[in-house]
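Hydrogens, waters and symmetry mates are skipped; everything else that's a heavy atom, side chains included, is used. Keep in mind it's a predicted model, so treat the numbers as computed, not measured.
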Amino acid sequence: MNNRFVILLSLFLVSLSSSAQISELSDKDWMLETETMSYRIGIRGGRLNTFYYGPKVEGEEKSTVRWNEFPEVPVRGVGAWNSPLVEAVFKDNVRDLDLKYHSSELLKEEGYDVLRILLKDSYYPLSVYACYRVLPNHNLMEKWLEVANIGKRDDILIENLQSGAMWLPASLYELTHLSGSLGNEFQPQTTLLTQGVKTIQSRDFKSYGSSYFAVRPRGEHDEFSGSVWFGQLLYSGTWRMDFERLSDGALQISGGIRFWDSWLNLTPGESFVTPKICFGYTQNGTSEVSQIFASYTREVLQQGSKHRPVIYNSWYATGFDVNEDQQLAIAKVAKEIGVEMFVIDDGWFKGRVNDRGGLGDWTVDKNKFPNGLKPLIKKINDMGMDFGIWVEPEMVNPDSDLYRAHPDWIFYFPNRPKTLGRNQSMLNLAREDVFQYLYKSLSTLLREHNIKYLKWDMNRHLTEPGWPSAPTKKQREVRIRYTENLYRLVDELKKEFPNVLFETCSSGGGRVDLGMLSRMDVAWASDNIDPLDRIYIQYGYLSAFPANSMVSWTGGENWHDMNYSLNFRFDVAMSGVLGIGNNIISWKSDEIAIAKEKIALYKEIRPLVHNGILYRLASPFESTHSILEYVSPGGEEAVVFCYNVSEKIDVSTRCPIEKKRLCFKGLNPDGIYQVDNSDKKYSGSYLMNTGIDYSLHGICKSKIIRVKLLK
Ligand code: DGJ
């Protein structure tokens, strides 16, 4: 063998071993690895246990690393005392599970390693696959369970089935999660995890927060440094995440579907796949967590996100009162200022004069649009804009043709009131006839019209989740089956209409999660478009989801009696997917000029905002500013949004030394940069370490700084 060949061969072997995502260290002992994290599991005494979840371990230590030994799939049964992932009841009323290792397989899925470990009950016909997918370049793993009734005769009742558990070594931890309410979504909350269980959860299909979690050792961290164990669920139904600190200080994190008032009745041969939970570990603070979730959503879940246009939305301008002439008049101005997608919100369909009627009848209202929607869409297309529309498929008003024909299609219990929310009931999408009706209505709408954007709303809480026509054993599956059919509906529509962009909305940001963002392209973060409030909401949103999913409009909203400038409103909306929500026909020439200039600038910086790496240089929750920097992956270019939320003397950016300066991140230290159009040049290391003056004064003032690499 000549030397060159030996070198090439060893390089090849090194690259093979370093790209290993899952390896079997020894018999039935596995190491799961990303670029910076390791996760070790293995079989002991016939059971699947977990040993390690933390910083990457290299070399020989891989096969010995262990900071605790706990069940990887804790169950209710056989001496186990941990919070269970699986709770089953067999025909003879035995409620005790005993899962033993059976076999394992290593597969590839979209180029990623997938490990499936089959566990079987030692007596009853129940099998559980513990499944893992490792995404090394995203520093993330996914896990989920697949449970099957492999018997021939009897049903098995599943009273609880979570997606996965992770164990952290003994320490004192803080949990940061995102809580929220209507108009106040995605608010970060940090709490100490003392002995006992802290649960975050959703009770129905709305959350306003998210299952996002970031767990850090108490006090030893900031945005850019320190250990973080993090994750979130890919699910839009009812969910829960539990954080249980044990008496010795170890922490069990587990999560999945919330089984409150729910069960699964598995008939012989039937199986169920839980939603995935994705999880990771970093030593680089919560900043890296937000970057990981952004790249995972864009590149894995959305497989390279589609281009997002500048949107106009009619809701705040015209409400329910829409018609062809008026929308065309608005569209003319929208075109002039640079809008690319013109969206008619609520009010366009049959009988929809206010929120008391119409939901369910997804055909055009002939009183408002006597010629249908086609002429309007054509004129909008002729102007050079695409057309989008609002729907709320899962709902029905009692005053609708649909309800009159099928009053039994809603959730209800006999002998109980059918309560309304926003004058509407919720269709029971677990039913196949409801699924078929919605598929037909929506696919017809999309097939017959040149619609390129669908805003999918959902505006009420779930109450009385009764399904009286289902077999008794299936009735309590209703929430789970609803969510399955919701996903199926969106998936089928996406398959048939791949060029339509979908927006998830639920009275603002009530249903934003990675289950939705695996299917829908973008999300409405909040109905609160007061720019000051939005700064906080958007900061929280960006902890868990990417900027190119965050739809943000300008508007006339003013929740705090502040005299916001149009510049400020634009600057806030431009750090996501820009939309215009104002009544633009009443705009004066100076407002039109500002809008034109801002939208033109936005189109220039859009690739950075949508695909750049986000660094949050100041938090409005911790300081008087929010500063968001989006940097191109190679550090050649950056755009920084600076917002003053109040003005106190203690300006506090995240500059390492001088808190009143602005220190960039992600630049090339040796590169020479230009900041805006100034003649002065700076080295990347100066901009990152010494920083420039943060010269922005005044409450609700903003500015956008652009940085370019010259050489
Ligand atoms: C609630 C949404 O959050 C709003 O943006 C708007 O679409 C209304 N519904 C329409 O009814």
For the pair Phe545 and Phe293, evaluate ring pair (Phe, Tyr, Trp, His ring centres under 6.0 Å) and give the outcome as yes or no after the intermediate values. CA-CA 6 Å; Phe545 311 110; Phe293 283 135; 7.8 Å; no
Listing request: all ring pair (Phe, Tyr, Trp, His ring centres under 6.0 Å) pairs with a residue in residues 546-572, at least two apart in sequence or in separate chains. Tyr316-Trp553, Trp524-Trp553, Tyr564-Phe568
May I ask you to say whether Glu484 pairs ionically with Arg481, meaning some side-chain N is under 4.0 Å from a carboxylate O? yes
State yes or no: are the ring centers of Trp467 and Phe413 separated by less than 6.0 Å? no
Approximate separation, where rounding is to 0.5 Å, of Asn371 CG and Lys366 NZ: 7.5 Å
Considering all heavy atoms of both residues, which atom of Val577 and which atom of Ser549 are nearest to each other, and what is their separation? CG2-N, 4.2 Å
Backbone N or O of Met385 within a donor-acceptor pair of the Asn381 side chain at under 3.5 Å? yes
Step by step, work out the side chain to side chain contact (heavy atoms under 4.5 Å, CB included) result for Leu376 and Leu328. CA-CA 7 Å; Leu376 170 70; Leu328 275 176; 3.6 Å; yes
Inspect the contact between Lys378 and Asp382 and indicate whether a charged nitrogen and a carboxylate oxygen are less than 4.0 angstrom apart. yes
Do Ile277 and Tyr235 have side chains that approach each other closer than 4.5 Å (heavy atoms only, starting at C-beta)? no
Can you measure from NZ (Lys368) to CH2 (Trp348) and round to the nearest 0.5 angstrom? 10.5 Å
Is it the case that the side chains of Glu477 and Tyr482 hold a donor-acceptor pair, with the cut-off being a distance below 3.5 Å and no angle test? no
Asn563 CG: over 12 foreign heavy atoms closer than 6.0 Å: no
For Lys418 and Ser425, test the side chains for any donor-to-acceptor distance below 3.5 angstrom and give the result as yes or no. no
Do the non-hydrogen side-chain atoms of Trp456 and Thr504 ever get within less than 4.5 Å of each other? no
Tell me whether the centres of the aromatic rings in Phe186 and Tyr541 are closer together than 6.0 Å. yes
Within the structure provided, determine whether Lys596 and Ile592 are in side-chain contact (heavy-atom separation under 4.5 Å). yes
Quick one, Asn459 and Ser506 - any side-chain contact, counting heavy atoms below 4.5 Å? no
Taking all atoms of both residues into account, what is the closest heavy-atom pair of Arg352 and Arg422, and its distance? NH2-NH1, 3.8 Å
What's the shortest heavy-atom distance between Leu608 and Ser632, and which atoms? CD2-N, 3.4 Å
Do you know which two heavy atoms are closest between Leu402 and Asp361, and how far apart they sit? N-OD1, 3.0 Å
Are the side chain of Gln327 and the backbone N or O of Glu324 linked by a donor-acceptor pair below 3.5 Å? no
Contact between Ile330 and Phe342 at the side-chain level, heavy atoms closer than 4.5 Å - yes or no? yes
For Asp533 and Asn184, does a side-chain donor sit closer than 3.5 Å to a side-chain acceptor? no
Under 6.0 Å from the NZ atom of Lys306, do we count more than 12 heavy atoms belonging to anything else shown? yes
Do any N or O atoms from the side chain of Ser210 and from the backbone of Tyr212 form a donor-acceptor pair under 3.5 angstrom? yes
Test your reading of the model: is there a side-chain donor-acceptor pair from Ser262 to the backbone of Trp260, 3.5 Å cut-off? yes
Of all heavy-atom pairs linking Ile389 and Val343, the shortest is N-CG1, 3.9 Å
Quick check with a 6.0 Å cut-off and a 45 degree axis cone: is Arg519 positioned over the face of Phe502's six-membered ring? no
Count the heavy atoms belonging to other residues, nucleotides or ligands that lie under 6.0 Å from CD of Glu597, then report whether that count exceeds 12. no
Evaluate the side-chain proximity of Ile451 to Leu445: yes if any heavy-atom separation is below 4.5 Å, no if none is. yes
Student check: side-chain heavy atoms of Asn397 and Arg356 closer than 4.5 Å: no
So, Asp571 and Lys701, do they make that salt bridge, N to O below 4.0 Å? no
Out of the candidates Leu359, Asn423, Leu420, only one should pair with Pro398 under the side chain to side chain contact (heavy atoms under 4.5 Å, CB included) rule; please name it. Leu420
Taking atom types as modelled, is there a side-chain donor on Ser179 or Gln187 under 3.5 Å from an acceptor on the other? no
Run Lys603 and Val310 through side chain to side chain contact (heavy atoms under 4.5 Å, CB included) and show every step you take. CA-CA 8 Å; Lys603 287 178 181 168; Val310 175; 4.1 Å; yes
Without swapping roles, check the side chain of Arg616 against the backbone of Ile627 for a donor-acceptor pair under 3.5 Å. no
SB check Asp261 Arg479 (cutoff 4.0 Å): yes
Taking the side chain as C-beta and beyond, is there a heavy-atom pair between Phe349 and Trp390 under 4.5 Å? yes
Taking everything shown except Lys440 itself, do over 12 heavy atoms lie less than 6.0 Å from its NZ? no
Taking all atoms of both residues into account, what is the closest heavy-atom pair of Gln538 and Ser575, and its distance? NE2-OG, 3.4 Å
Is it true that the side chains of Ser202 and Thr238 contain a donor and an acceptor less than 3.5 Å apart? no
Pair Phe387 and Tyr453, ring centroids less than 6.0 Å apart: no
Note: Glu432-Arg488 ion pair, threshold 4.0 Å (strictly below): yes
Show the numbers, then the answer: is there a side chain to side chain contact (heavy atoms under 4.5 Å, CB included) between Met458 and Cys505? CA-CA 6 Å; Met458 196 278 272; Cys505 170; over 6 Å; no
Contacts satisfying salt bridge (Lys or Arg N to Asp or Glu O under 4.0 Å) that involve residues 447-458 (not counting sequence neighbours) are Asp345-Lys455, Arg447-Glu496
Can a donor-acceptor pair be found, under 3.5 Å and without considering hydrogens, that links the side chain of Arg606 to the backbone of Arg308? yes
Between Asp401 and Arg404, does a salt bridge (Lys or Arg N to Asp or Glu O under 4.0 Å) hold up when you go through it step by step? CA-CA 5 Å; Asp401 293 347; Arg404 283 183 280 274; 3.0 Å; yes
Would you compute the distance between atom CG of Leu178 and atom CD1 of Ile537 and round it to the nearest 0.5 angstrom? 12.0 Å
Hey, does the side chain of Asp204 reach the backbone of Leu462 with a donor-acceptor pair shorter than 3.5 angstrom? yes
Applying salt bridge (charged side-chain N to carboxylate O under 4.0 Å, His left out) between Glu394 and each of Arg431, Arg511, Arg460, report the one that passes. Arg511
The side chain to side chain contact (heavy atoms under 4.5 Å, CB included) partners of Ser211 (sequence neighbours excluded) come to Gln232, Leu233, Trp239, Met241
Hey, is the main chain of Pro546 close enough, under 3.5 Å, to the side chain of Thr297 for a donor-acceptor pair? no
Okay, side chain of Tyr437, backbone of Gly360: is any donor-acceptor separation there less than 3.5 Å? yes
Is any NZ, NE, NH1 or NH2 atom of the basic residue among Glu464 and Arg416 found under 4.0 Å from an Asp or Glu carboxylate oxygen of the other? no
Using atom types as modelled and distance alone, determine if a side-chain donor or acceptor of Gln302 lies under 3.5 Å from a backbone N or O of Leu517. yes
